[in-house]
Q: 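Pasting a structure below so you can have a look.
So you know, we letter chains A, B, ... as the sequences are listed, proteins then strands, and number each from 1.
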There are 2 protein chains.
Amino acid sequence: MELNTTTKISEAVIRRLTDYLRCIRCAGEAGRDMLTSLEISERCGLNASIVRKDLAQFGAYGVKGMGYNVRDLTRQINKILGLDKLKDVVLVGAGHLGTAIIRYPGFADVNFNFIAAFDTDPEKIGKTIGYAKVYPLEELKPFIRKHAIQIVVLTVPSSEAQAIVNDLDPGYVKGVLNFTAVIFPPKQNNMFVHNIDLAKELEVISYCMKNCLSQGS
Amino acid sequence: MELNTTTKISEAVIRRLTDYLRCIRCAGEAGRDMLTSLEISERCGLNASIVRKDLAQFGAYGVKGMGYNVRDLTRQINKILGLDKLKDVVLVGAGHLGTAIIRYPGFADVNFNFIAAFDTDPEKIGKTIGYAKVYPLEELKPFIRKHAIQIVVLTVPSSEAQAIVNDLDPGYVKGVLNFTAVIFPPKQNNMFVHNIDLAKELEVISYCMKNCLSQGS
DNA sequence: TTGTGAAAGTTATAACTTTCACAAATTGAA
DNA sequence: TTCAATTTGTGAAAGTTATAACTTTCACAA
C-alpha cells in the first residue's frame, strides 16, 4: 500500500505515533524484534484497533499473524514524522532547564542536535553544555542566518519570551518549542509554536486523583 | 448552575482547563481582570464556543456581555482540578532534569511543593535543591510512609525507572509523573502514571514542518 | 502441500466533540 | 428608562474519532 498523501492526518494520530515510537524503542532495547498491535496498545494505554488503524493508514507495515517488525516500524514512523534526517536546533536560555534539555537523551534519539545555546549571563557565555557552546544572546540572529536554523527551543525567563519570539526571523525559523510560562498562539509570524507546560501532567494527575478516575497517560 | 457531578468529563476537557488556567494567569499578571471567551480562545488556539462550553459545563462562571472575571475563574478552575490545596511531592533522581523541575516556577504556581529529593549519588546527598533536601534512595520508602506522599516525580536514568516504580507503595502513592524514556501503561499497581517525553513536541513540530501544516499547540 | 492459528488490515457503527446559531442577560450611554 | 452593543450559555447539527466485529493473509508445522 502507498503512503497516505490525500487524507488529512489529525494531530492526535501524530501524537500517538510518537508514543508508538517510544514504546517500540523500549521494546527494541529489551531485545524484542517483533511486536503485536495488542502489545503496543497495552504499553501505550490504548485500544489495539486504533494502533492497527493508525499504522495501516500510512502503509501496511505489519505481517499478518506475526505483528510488526521493530526495526522496520521504527524506520517507517521516523520517516512519517520527518525524523529520519538530523536536524540542528538551538537553545535560548542556558539555565537549569535549558541545560537539562540539551543533555536529555530523548532528543538525540530522534535526531535532534543542539548545536548552540544563547544566554545573557556573562558567566555562562563561552562554556559548553553537551556539544553546544554558549553564545551571547546578541549573536542569536546572525547565528540563525548563518546556519539556517529552523527550530528554536526557548527556556528563558517568562518575561523575556515575547521579545525573543518577536525577534526571530520567520524566513529561517519554522518551529519554536516554548518551555516558558507564557502561552503563545500556535502560529506566530508564520512559525509553529508549541507550548510545553511541565506542570500540566501533574495538574491532570491532580484531577484524576481528586475524582478517582481510572484513566491516564 | 451546580458543579457538574453526573456527566463524564473527558481528559481533553481537563487538558484544556489547564491551558485556560495558564492563559488566565498570564493575562492576570498583565493587569487584566476580565477576559472574554474569544480572547481566551485566541490565546489558546481554540474556538470560542468550546471555551464557553467547557467552562459552562462546571458552572456559569461568566457574566453575559462582560466575560469572565480573572480572579474568580482562576479560583474555580483550580478547584475543579484539585489545585486549591497545597500538595507535597517528592522527586526521585536529582540530576539536571530533576534540579530544573524542582526549580521550575510552574509547579509552585499550581500549589505543588517539592519537599524532598532522592538519589544514589553520595555527592548529591545532603545538598539542597530549592527547598528540597536530597536523601539517599533507600530512604524513599520510609519517607513516603512517614509523610504520606501521594505523588512521585521520576527523573532517574531509564534503566532504573521500572525498579523504582515497582517498589512504590500504592497504599500511599497515587500518581507518578514519569520523565524517563521508559513508557509505562497509565495504571501501574493502581497508581496513575503519566509519561512525559520532552522530545514529543519537537517530533510533532517536525511533522508539521515536513507537511507544512498550519496547526499547532 | 495443506491445514491451522494468530494477528494485520478494513469496514461499519457507535460514541464523542466541535461548531453554529440564537436566545437571554448584562452593562453603559443617551 | 430605554436602547444598543456585547457576550454568555445552550440546543441541535455536523463532523470526527474510537471501537468492535469481520475478512484477509501469513508463517509454521504436520
Q: What's the CG-C1' distance between Asp54(A) and dT10(C), to the nearest Å?
A: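 Between C1' of dT10(C) and CG of Asp54(A): 14 Å.
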Q: Name the pairing partner of dT23(D), where a pair is Watson-Crick or G-U wobble with both distances under 3.5 Å, or state none.
A: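 With both distances under 3.5 Å, dT23(D) matches dA8(C).
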Q: With both distances under 3.5 Å as the test, what is the Watson-Crick or G-U wobble partner of dT8(D)?
A: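 Looking at the geometry, dT8(D) pairs with dA23(C).
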Q: Let me know the distance between CD1 of Ile9(B) and C1' of dA15(C), rounded to the nearest Å.
A: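 It works out to 16 Å between those atoms.
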Q: Can you name the one residue among Leu91(B), Ile144(B), Val89(B), Leu177(B) that meets side chain to side chain contact (heavy atoms under 4.5 Å, CB included) with Val152(B)?
A: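 When Leu91(B), Ile144(B), Val89(B), Leu177(B) are each tested with Val152(B), the side chain to side chain contact (heavy atoms under 4.5 Å, CB included) holds only for Ile144(B).
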Q: Examine Lys174(B) relative to Phe192(B) and say whether NZ or CZ is less than 6.0 Å from the centre of the six-membered ring and inside a 45° cone about the ring axis.
A: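 Output no; distance or angle outside limits.
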Q: Strictly below 4.0 Å: does Tyr68(B) bring a side-chain N or O up to OP1 or OP2 of dG9(D)?
A: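 Checking Tyr68(B) against dG9(D): at least one side-chain N or O falls below 4.0 Å of OP1 or OP2.
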Q: Of the nucleotides dG9(C), dA20(D), dA18(D), which one has an atom closest to the side chain of Asn47(A)?
A: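 That would be dA20(D).
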Q: Round to the nearest Å and state the distance from Ile50(B) atom CD1 to dG11(D) atom P.
A: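 Atom CD1 in Ile50(B) sits about 17 Å away from atom P in dG11(D).
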Q: Separation of Leu35(A) atom CG from dA7(C) atom C1', in whole Å?
A: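 Checked: the CG to C1' distance equals 13 Å.
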Q: Can you tell me the pairing partner of dA30(D) across any strand shown, Watson-Crick or G-U wobble, with both distances under 3.5 angstrom?
A: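 With both distances under 3.5 Å, dA30(D) matches dT1(C).
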Q: Is there a donor-acceptor contact under 3.5 Å linking the side chains of Asp84(A) and Asn78(A)?
A: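 There is no such pair between these side chains.
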Q: Expressed in angstrom and rounded to an integer, what is the separation of Tyr61(A) atom OH from dC26(D) atom P?
A: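 Result: 17 Å.
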Q: Got a donor-acceptor pair under 3.5 Å from the side chain of Lys53(A) to the base of dT10(C)?
A: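 Checked by distance alone, the answer is no.
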Q: Report the residue (Arg16(A) or Gly67(B)) whose heavy-atom-nearest nucleotide on DNA chain D is the more 5′ of the two.
A: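 With Arg16(A) and Gly67(B) compared, the 5'-side residue is Gly67(B).
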Q: To the nearest Å, give me how far apart CD (Gln57(B)) and P (dG11(D)) are.
A: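 Gln57(B) atom CD is separated from dG11(D) atom P by 13 Å.
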Q: Is there a side-chain contact (heavy atoms from CB on, under 4.5 Å) between Val92(A) and Leu140(A) once you walk through the steps?
A: CA-CA 8 Å; Val92(A) 185; Leu140(A) 173 61; 3.8 Å; yes
Q: Is there a side-chain polar atom (N or O) of Thr36(A) under 4.0 Å from OP1 or OP2 of dA6(C)?
A: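 No, no such contact exists.
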Q: Assign a letter to each nucleotide of nucleotides 21-30 of chain C from its 5' end: B, base within under 4.0 Å of a protein heavy atom; S, sugar-phosphate only; -, no contact.
A: B--BBBS---
Q: Is it true that Asp19(B) and Lys200(A) have a side-chain N and a carboxylate O under 4.0 angstrom from each other?
A: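 Salt bridge flag = yes for Lys200(A) with Asp19(B).
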Q: Starting at CD of Glu42(A) and ending at C1' of dA7(C), how long is that distance when rounded to a whole Å?
A: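 Nearest whole value for this atom pair: 14 Å.
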Q: What is the distance, rounded to the nearest whole Å, between atom CD of Glu39(B) and atom P of dT6(D)?
A: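 Atom-to-atom, Glu39(B) to dT6(D), this comes out as 14 Å.
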Q: Is it the case that more than 12 heavy atoms not belonging to Arg32(A) sit under 6.0 Å from its CZ atom?
A: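 Check passes, neighbour count above 12.
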Q: Looking just at side-chain N and O atoms, do Asp54(B) and Tyr20(B) make a donor-acceptor pair shorter than 3.5 Å?
A: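 Yes, because at least one side-chain N or O of Asp54(B) sits under 3.5 Å from a partner of the opposite role on Tyr20(B).
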